[in-house]
Structures are given as C-alpha cells and as structure tokens.
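Heads up: the structure comes next, in structure tokens.
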Protein chains: 2
Amino acid sequence: MQGPGVISSCNRKAWLRCCGGTPWAGSDPTAHNGGMPEQHPAINTREMVGSTVPQTISKATRNTRQRAEVLALLGEVDGFHTAQQLHRMLCDRDARVGLTTVYRTLQLLVEAGEIDSTRLPGGEQLFRQCSQSRHHHHLVCRSCGRTVEVAGPAVERWANQVAAEHGFTDVGHTLEIFGNCAACAAS
Amino acid sequence: MQGPGVISSCNRKAWLRCCGGTPWAGSDPTAHNGGMPEQHPAINTREMVGSTVPQTISKATRNTRQRAEVLALLGEVDGFHTAQQLHRMLCDRDARVGLTTVYRTLQLLVEAGEIDSTRLPGGEQLFRQCSQSRHHHHLVCRSCGRTVEVAGPAVERWANQVAAEHGFTDVGHTLEIFGNCAACAAS
DNA sequence: ATAGCTGCAAATCATTTGCACGAAT
DNA sequence: ATTCGTGCAAATGATTTGCAGCTAT
C-alpha cells in the first residue's frame with residue numbers, strides 16, 4: 001500500500017494519524033528520519049525576520065486570556081503547526097484553551113493577515129506567525145519542519161505574466177518548496 | 001465575517017458546502033460569477049496537449065468495468081474535479097461506480113502518475129488527467145475551473161537554487177496560479 | 001479456482017457549529 | 001448590563017477501512 005517516495009498526494013491522512021508528532025514526521029518514506037519522540041516541537045529557523053506582529057488581534061474587540069495565550073505561543077514557536085498541534089502545546093503548558101477557541105483565534109488571525117497559513121500536501125491546514133508582511137513563500141523541511149521564508153519577485157512576475165498571456169486577471173498563486181534541510185540530512 | 005477578496009484561507013469548507021456545483025463556484029466573493037446551475041461540468045481548455053495517457057491503469061492487474069468508466073470520464077472532462085464530482089458525473093451517466101471505488105481508482109492513478117492532483121485553497125483534493133508527463137503547474141480559473149497547464153523551467157531552477165542555497169536537498173515544490181479567465185471576466 | 005475488485009456501512013479525522021455559561025467592556 | 005468569547009458536545013463532510021460477495025484472470 002505504501003507508494004513510492006515521491007511527493008505525490010498518496011498516503012493522505014496517514015501523516016497525522018500519529019497524532020503526537022509534528023506533521024512532517026514520516027511524511028516521506030524515503031526521508032532519513034523515521035520517527036522522532038512525541039511532543040517534539042519542530043525546531044525552526046527564521047532567516048528573514050522583521051517584527052511587525054502585534055500582540056493583540058486588531059479585529060478583535062476583546063482581549064481575553066485565551067487569545068493572549070495563543071498569541072504568546074505563536075510568538076515563541078517558529079515554523080508551521082496545525083491547530084491541533086498548537087492546542088496540544090497549549091495544553092502542555094497548562095494554558096487551558098479549548099481546541100475550538102484555538103481554531104477560532106487562528107482563523108481570526110489569518111483573516112487579519114497576522115499569521116500565515118499553508119497546507120500540508122495531505123490537506124491539513126498549517127499556521128505560522130509570519131515575519132514578513134509582504135507576499136512570500138516558504139521553504140519547508142519535510143522532516144523537521146524548519147522553515148525559511150523566501151521572497152521570489154521573479155516568480156511573482158512570471159506568474160503574473162503567464163496568467164496575463166492567457167487572459168487571466170485577479171491573479172494570485174501558491175508556492176511552497178519542500179526538501180530536507182542540511183541538519184536533517186546530516187543526522 | 002466575509003474577509004476581503006484575497007486568496008486567503010478563510011471561508012474554508014464553505015466552498016463545497018453547496019455539494020452540487022463545481023468547487024470553484026463562489027470561491028471568491030469578488031468574483032463576477034454568482035452561481036451557475038448544478039451539475040454543470042466545468043468547461044475547460046487544455047492548451048498544452050500531448051496524448052500520453054493510456055486507457056488502463058498500469059499498476060492495476062485487473063481491468064474492471066468501473067475502472068474503465070472512471071478512465072473514460074477522465075478522458076472526456078477537462079480541468080480539475082473532486083472525487084465527489086467525478087462520482088456524481090458517473091452517476092449522471094448511469095455508470096454505476098461506487099464512490100469508494102472512485103476514490104480508490106483515483107488514488108491508484110495518482111500513484112501511477114497518470115493523473116494530476118492538487119488541492120483547492122479550501123483543502124479538497126482535485127484530480128485531472130494530465131496531458132504532460134513532465135513536471136508542470138496549473139493556471140486555474142477561480143470561477144469556471146478552466147485550466148491551463150504551464151511549464152516553468154525558470155521557476156524549477158529558481159526553486160532548486162533557493163533550496164540549495166539554504167542547504168536543502170531532495171527538493172520538490174508545489175505551485176498553482178489562480179485567477180479569473182478572460183471568458184469569466186467578460187461574462 | 002482465487003486473488004483482486006467492489007460497494008455498503010461504519011469508522012476516522014480535521015474542522016465547524018449550536019448553545020448555555022462566563023467574562024470583558 | 002450587555003455583548004462578545006468560550007468550550008462542550010454534537011454535527012459536518014471528505015476520505016478511509018472492514019468485510020462479505022462478485023469477477024476478471
């Protein structure tokens with residue numbers, strides 16, 4: 001049943017089936033990383049910093065403890081995490097925030113443009129406090145989740161141009177690069 | 001609750017909530033297209049043809065009627081469709097194939113590399129018989145689903161280079177361009 | 001014959017929603 | 001005081017799986 005190690009969309013939900021680890025663990029059968037201990041928050045790098053992220057949700061009218069908790073956590077962890085993971089982390093630090101609230105807060109933040117969200121090839125939504133306000137993309141390590149924000153002005157231009165050539169307007173795009181980072185390759 | 005018309009990840013499952021239409025219908029609040037009649041298979045264009053798609057699933061050992069039906073349908077419709085949509089279409093043409101089988105066949109095809117699959121910003125998986133065997137990307141119309149396969153050698157190089165610069169190996173990437181096609185913009 | 005298929009029903013799983021209660025303004 | 005936020009439980013909806021029966025080979 002296990003498909004080849006390509007970046008295909010097979011093995012769908014299988015990734016998160018192991019609800020404890022990072023969503024990347026074991027995402028690629030060919031990866032060097034078999035299984036890391038549970039509750040191991042992904043170690044990430046942020047190479048293009050730029051602190052522009054406020055400590056309150058602009059759109060929000062009320063500042064509650066749980067929102068503060070979520071915001072605080074987002075400020076501490078780097079890299080992408082699923083709502084479930086973030087919730088688990090909150091539980092681990094006894095932050096007492098309901099899963100529902102985590103989802104709702106995350107959604108608010110995304111709408112407010114204060115956090116980034118992508119999707120795992122498997123379809124699960126990932127969230128990350130983004131340091132850049134401009135449009136950018138991510139280079140994500142398949143095994144540890146280490147993330148690098150990359151800007152690709154050339155790509156933006158190319159995408160817009162291609163779209164224009166075909167008569168498309170209101171163009172937007174999604175682009176993520178996956179790979180194994182040096183650290184993981186070395187280990 | 002409605003955010004701006006950007007390609008953000010809000011309004012998640014709301015898209016497919018209306019189980020009858022194409023997943024694109026109403027995907028963008030700012031789109032010109034309100035709601036098209038149900039069961040309206042997306043009209044698509046395929047600009048980079050190249051018939052390399054066999055009529056049998058290579059990996060499969062047995063050729064069953066239902067697989068043939070799925071393959072046939074895939075050969076007729078253009079553009080991306082969800083498994084559910086394809087199944088509905090099969091029902092409409094009295095092809096009598098179970099939803100489960102559609103899912104299983106589609107998965108087989110993806111694993112065999114005979115069809116393409118992407119995800120809607122909302123997370124649902126889309127399938128499309130791809131005409132190019134090489135790696136390529138898609139330019140998808142947000143309202144009608146019209147799809148153009150585009151090759152972006154420069155992007156491939158750029159992605160690989162960026163990844164390499166950061167020490168990443170086994171690089172892969174996903175890239176989709178969304179927009180409103182000329183036809184939809186005109187209507 | 002017989003290993004694969006198929007499809008129904010039931011199971012998963014992430015995410016959403018209804019609703020009554022608690023908290024921020 | 002109100003209105004908004006919270007969280008539990010239940011609902012949703014796409015996708016998967018168990019399993020008994022059917023069918024290509």
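Reckoned from all heavy atoms, side chains included, excluding hydrogens, waters and symmetry mates. Letters go in sequence order (proteins before strands), and every chain restarts at 1.
Rounding to the nearest 0.5 Å gives a distance of 11.5 Å between CD of B/Q84 and CE of B/M89. Interatomic distance, B/R104 CZ to B/Q107 CD, rounded to the nearest 0.5 Å: 9.5 Å.
For B/Q107, a side-chain nitrogen or oxygen approaches OP1 or OP2 of D/dT16 to under 4.0 Å. A sub-4.0 Å separation between OP1 or OP2 of C/dT6 and a side-chain N or O of B/R104 is absent. The phosphate of D/dT15 has OP1 or OP2 within less than 4.0 Å of a side-chain N or O from B/Y103. B/Q66 has no side-chain polar atom (N or O) that falls below the 4.0 Å cut-off from OP1 or OP2 of C/dC5. The side chain of A/R67 contributes no N or O atom lying less than 4.0 Å from OP1 or OP2 of C/dA24. Listed pair A/T100 / D/dC8 fails the phosphate criterion, with no side-chain N or O lying under 4.0 Å from OP1 or OP2. A sub-4.0 Å separation between OP1 or OP2 of C/dG7 and a side-chain N or O of B/T101 is present.
Mapping A/L99 and B/R65 onto DNA chain D by nearest heavy atom places A/L99 at the nucleotide closer to the 5' end.
Side-chain to base pairing of B/R62 with C/dC5: no donor and acceptor N or O lie closer than 3.5 Å to each other.
Taking atom CD of residue B/Q85 and atom P of nucleotide D/dG13, one finds them 15 Å apart after rounding to whole Å. Counting to the nearest Å, the P atom of C/dC5 and the CG atom of B/L71 are 14 Å from each other. When rounded to the nearest whole Å, the span between CG of A/L106 and C1' of D/dG5 equals 16 Å. Atoms CG (B/N63) and C1' (C/dT6) sit 15 Å apart, rounded to a whole Å. For the pair A/E124 CD and D/dA14 P, the computed distance is 16 Å after rounding to whole Å. Distance A/H81 NE2 to C/dA14 C1': 18 Å, rounded to the nearest Å. Computed from coordinates, the A/Q125 CD to D/dG13 C1' distance equals 16 Å when rounded to whole Å. Atom CZ in B/R88 sits about 12 Å away from atom P in D/dT15, given to the nearest Å.
Between A/H87 and A/Y103, a ring centre-to-centre spacing not shorter than 6.0 Å is recorded. If you look at B/H137 and B/H173, their ring centroids are closer than 6.0 Å.
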Check the pair B/R128 / B/E149 against salt bridge (Lys or Arg N to Asp or Glu O under 4.0 Å), numbers first and verdict last. CA-CA 11 Å; B/R128 187 228 221 259; B/E149 293 184 0; 3.1 Å; yes
